[in-house]
Structures are given as C-alpha cells and as structure tokens.
Student: 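Before I ask anything, here is the structure I am working with.
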Amino acid sequence: MIPIADTVRYVLFPHYISRRTVMDGASAGHLLVLLFITICLGIVVSGLVGGVITIIMGEIPENVNGTLAETDARRLIILGVLIAPLMEELIFRSWLGFPRSSVLGFPAMICVLVLLAMWGLGTGAALFLPVAMGLGLLIFLLVQRYGRLSAAEQAVARHRLFPVAFWGTILTFGVIHLSNYEGGMAGALANPILFLAIVPQIIAGAVLGYVRMRFGLMQAIFFHMVYNAVLISLALLAVNQTPPAEAFLLMSENQAFSRVPLLQTAGPLP
C-alpha cells in the first residue's frame, strides 16, 4: 500500500471504516513516509500560497499571534507538541471513528464551536443561554431521529453523510485558523484571496483525518504531535534563538515555516 496513493484515494472518496489497520512495522513505515511527505508538501504549499497573497495584496495581513509575549522553549513544547495536537484531534476528529458520532458528531462539533466563539466574544447570558439551549435541543432531536432508524437505515445514512462530515471537519479545521489573522473571517470575506492562507491547514486536516480513520485516534494524535515537533525544531534552527510565543500558534500546521529565511517573503501563515 503506497502511502500517498492510499491517502489521496481516501481523501477524495472518504468512507466510514469500522476496523483500523493493525499497527506493525509496515504500518509504522507507512505513517513515517506519510509524515515526511506531509511536511515537505506543507513547506512548498506555504511558500507558494504566501507568495501569491503577497503578490496580489502587497503584504499579508498582520498575524495577531505576533503580538504575544515571548515564552520559554519548555512552555512552547508543552503547548505546541502536547496540548494543541491532543485538543485539536479530540475536537475535530475523535468522533469520526464511531458509527453514531460519525453522523452526529459534525453538527455537534459546529454547535460547540459556535458556543465557544460566543463565549470568547463575551456574549451576554441573555443571548448565550437561549442559543445554547436551542443548539442543545437541536442535537437532542437529531440523536432521537437517528436512534429511531433501523440498523440498515443507519448504515445508509452513515454511507451518505460520512463524506460530508469528513470534509466538513477538514474545512472547519482550516477556517478556524483564519482567527490567527487581524480581521479573521470578516477580513477573509472582504478579501477572499485570504482564504488561500488556510490551504496548508486544509491539507494537514485531510491527512490527519485519513490517519484517524485508517489507523486510529491515538495514531492521529501521535502523528500530529510529531508533525508539530518537527515544525518547532525547524523554526528553532532557522532563527537560532528562543522563539516567541507566536511560534506555538504559527508552527501548527505549517505556520512556523514563515520564519525560515527562504520563505520570509511569503509572510506568516495562519
């Protein structure tokens, strides 16, 4: 099984997989090759996308993470290599691997993200509580509706809706990273060329989704951790100094490569 061919085939035609590939020497080699290809692809795509945006706009909008105070390498490793991959995999991909949540997990995830965004924006309780109750009721009704289906009907629903959930979480994973830019989603809607900036995140999300379904959640978390660790290491080598806190957010999903001299003209990616 050739890693890149199997990955591309699955990403283009995603389907629910009930059994994971047993981890052995061949599977480990498969993941290592895929990891290497993903990192190399991320470097190239980040540079190209950054260059295109710079040519069209003259510059890339300020990355809001660049204003963060400096942090030490130990905290950077804890946040970037351990906490961020764990949390992102739990939120965006953990639910893909279970029969019921592979259908219901995507709307539930969107509801949670909406509530988190409202909370982060400081939405008052007068609005937050009714929205939370309404979204909770919506998820409850969806769960009840799905539960009333027969096993055969659930299998049909899973076959039809899993590709939507799979690509939905990939795109959501990418769009979330627009928040790294000044203006965020509003800025991208006003200037759609900025959506190119999340192409590296979409690629990373697609690969991680494949790893989660083909090999399992723990493998996806480990893949993500090693991926981020490599990016942090390259960023440290590039700047030859203790990186600022922005590196924690910028390195995730190919962001640290804006710090590499050859790609500095492309500007920071989300």
Side-chain angles (χ1 to χ4, degrees), residues 1-42 45 80-113 116 154-155 157-177 198-231 251-255:
M1 184 165 53
I2 302 175
I4 189 65
D6 188 58
T7 305
V8 171
R9 186 164 50 247
Y10 184 82
V11 169
L12 291 178
F13 305 101
H15 53 278
Y16 180 76
I17 302 174
S18 58
R19 300 182 63 181
R20 311 289 169 242
T21 300
V22 176
M23 286 302 301
D24 53 19
S27 298
H30 180 118
L31 287 175
L32 286 174
V33 172
L34 184 59
L35 177 63
F36 176 77
I37 293 173
T38 304
I39 291 173
C40 292
L41 184 61
V45 172
V81 178
L82 299 177
I83 296 179
L86 176 62
M87 295 302 297
E88 289 180 352
E89 293 309 310
L90 290 178
I91 293 172
F92 289 100
R93 283 169 281 274
S94 61
W95 46 270
L96 279 173
F98 302 97
R100 177 168 296 199
S101 62
S102 65
V103 174
L104 301 172
F106 181 64
M109 181 193 75
I110 294 298
C111 290
V112 169
L113 291 176
L116 288 175
Q154 290 183 3
R158 190 160 52 247
H159 175 74
R160 291 177 177 175
L161 296 177
F162 181 82
V164 176
F166 184 84
W167 268 101
T169 191
I170 290 173
L171 296 176
T172 304
F173 182 72
V175 169
I176 285 295
H177 286 82
I198 64 173
V199 171
Q201 285 75 31
I202 291 175
I203 293 174
V207 173
L208 287 165
Y210 163 80
V211 174
R212 194 274 176 265
M213 292 307 299
R214 182 68 75 192
F215 298 97
L217 177 60
M218 294 306 299
Q219 287 80 353
I221 293 173
F222 183 72
F223 188 100
H224 201 156
M225 287 179 173
V226 175
Y227 180 80
N228 280 10
V230 171
L231 298 185
M251 60 81 202
S252 184
E253 290 79 48
N254 301 312
Q255 294 171 54

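This one's a predicted model, so the numbers in the text were calculated from it and none came from an experiment. Starting from 1, each residue takes its place in the sequence as its number.
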Student: Of all heavy-atom pairs between Gly174 and Gln201, which one has the smallest distance, and what is that distance?
Tutor: CA-CB, 3.9 Å
Student: Please tell me if the side chains of Pro99 and Gln154 come closer than 4.5 Å, counting only heavy atoms from C-beta onward.
Tutor: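 Not in contact.
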Student: Within the supplied structure, the quantity of interest is the number of heavy atoms (other residues, nucleotides, ligands) at a distance under 6.0 Å from Met23 CE; does it exceed 12?
Tutor: yes
Student: Quick one: which residue pairs count as a salt bridge (charged side-chain N to carboxylate O under 4.0 Å, His left out) with a foot in residues 20-30, not counting sequence neighbours?
Tutor: none
Student: Only one of Tyr10, Phe162, Phe166 forms a ring pair (Phe, Tyr, Trp, His ring centres under 6.0 Å) with His15, so which one is it?
Tutor: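 Between His15 and the candidates, ring pair (Phe, Tyr, Trp, His ring centres under 6.0 Å) is satisfied uniquely by Tyr10.
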Student: Output the distance between atom CD1 (Ile83) and atom CG (Asn228), rounded to the nearest 0.5 Å.
Tutor: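 It is 12.5 Å, given to the nearest 0.5 Å.
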Student: Tell me whether Trp167 contacts the main-chain N or O of Ala206 through its side chain, where contact means a donor paired with an acceptor under 3.5 Å.
Tutor: no
Student: I need the Leu116 CG to Ile176 CD1 distance, nearest 0.5 Å.
Tutor: 9.0 Å
Student: Only one of Leu35, Leu31, Thr38 clears side-chain contact (heavy atoms from CB on, under 4.5 Å) with Val211; which?
Tutor: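 That would be Leu31; it is the only one of Leu35, Leu31, Thr38 passing the side-chain contact (heavy atoms from CB on, under 4.5 Å) with Val211.
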Student: Can you give me the closest heavy-atom contact between Ile91 and Met109, atom names plus distance?
Tutor: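 The answer is O-SD, 3.5 Å.
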Student: Answer with yes or no after comparing the ring centroid distance for Phe223 and Tyr210 against a 6.0 Å cut-off, counting only values under it.
Tutor: no
Student: Roughly how far, to the nearest 0.5 Å, is the CZ atom of Arg214 from the CD1 atom of Ile17?
Tutor: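 Those atoms lie 4.0 Å apart.
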Student: Tell me if a side-chain donor or acceptor on Thr169 pairs with a main-chain N or O of Ala165 at a distance below 3.5 Å.
Tutor: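 No, the answer is negative, given that no donor and acceptor are paired below the 3.5 Å cut-off.
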Student: Which pair of heavy atoms, one from Arg158 and one from Ser102, lies closest together, and at what distance?
Tutor: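 Heavy atoms of Arg158 and Ser102 come nearest at CD-OG, 3.4 Å.
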Student: Tell me, which pairs form a salt bridge (charged side-chain N to carboxylate O under 4.0 Å, His left out) where one or both residues lie in residues 93-112, sequence neighbours left out?
Tutor: Glu89-Arg93
Student: Between the main-chain N or O of Met213 and the side-chain N or O of Tyr16, is there a donor-acceptor pair closer than 3.5 Å?
Tutor: no
Student: Is there a side-chain contact (heavy atoms from CB on, under 4.5 Å) between Phe106 and Thr172 once you walk through the steps?
Tutor: CA-CA 10 Å; Phe106 181 64; Thr172 304; 3.7 Å; yes
Student: Output the distance between atom CD1 (Ile203) and atom CG (Leu208), rounded to the nearest 0.5 Å.
Tutor: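 One gets 12.0 Å once the value is rounded to the nearest 0.5 Å.
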Student: For His159, does the NE2 atom have more than 12 heavy-atom neighbours from other residues, nucleotides or ligands under 6.0 Å away?
Tutor: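 Not more than 12 within 6.0 Å, no.
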Student: Rounded at 0.5 Å granularity, tell me how far CD1 in Ile221 sits from CD in Glu88.
Tutor: 11.0 Å
Student: List the atom of Pro163, the atom of Pro14, and the distance in Å for their closest heavy-atom pair.
Tutor: CG-O, 3.5 Å
Student: To the nearest 0.5 Å, how far apart are CG in Leu32 and CD1 in Ile37?
Tutor: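 Interatomic distance, Leu32 CG to Ile37 CD1, rounded to 0.5 Å: 11.0 Å.
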Student: Is the closest side-chain heavy-atom distance between Phe173 and Ile202 below 4.5 Å?
Tutor: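 A side-chain contact under 4.5 Å is absent here.
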Student: Less than 4.5 Å apart, side chain to side chain, heavy atoms only: is that true for Leu217 and Leu90?
Tutor: yes
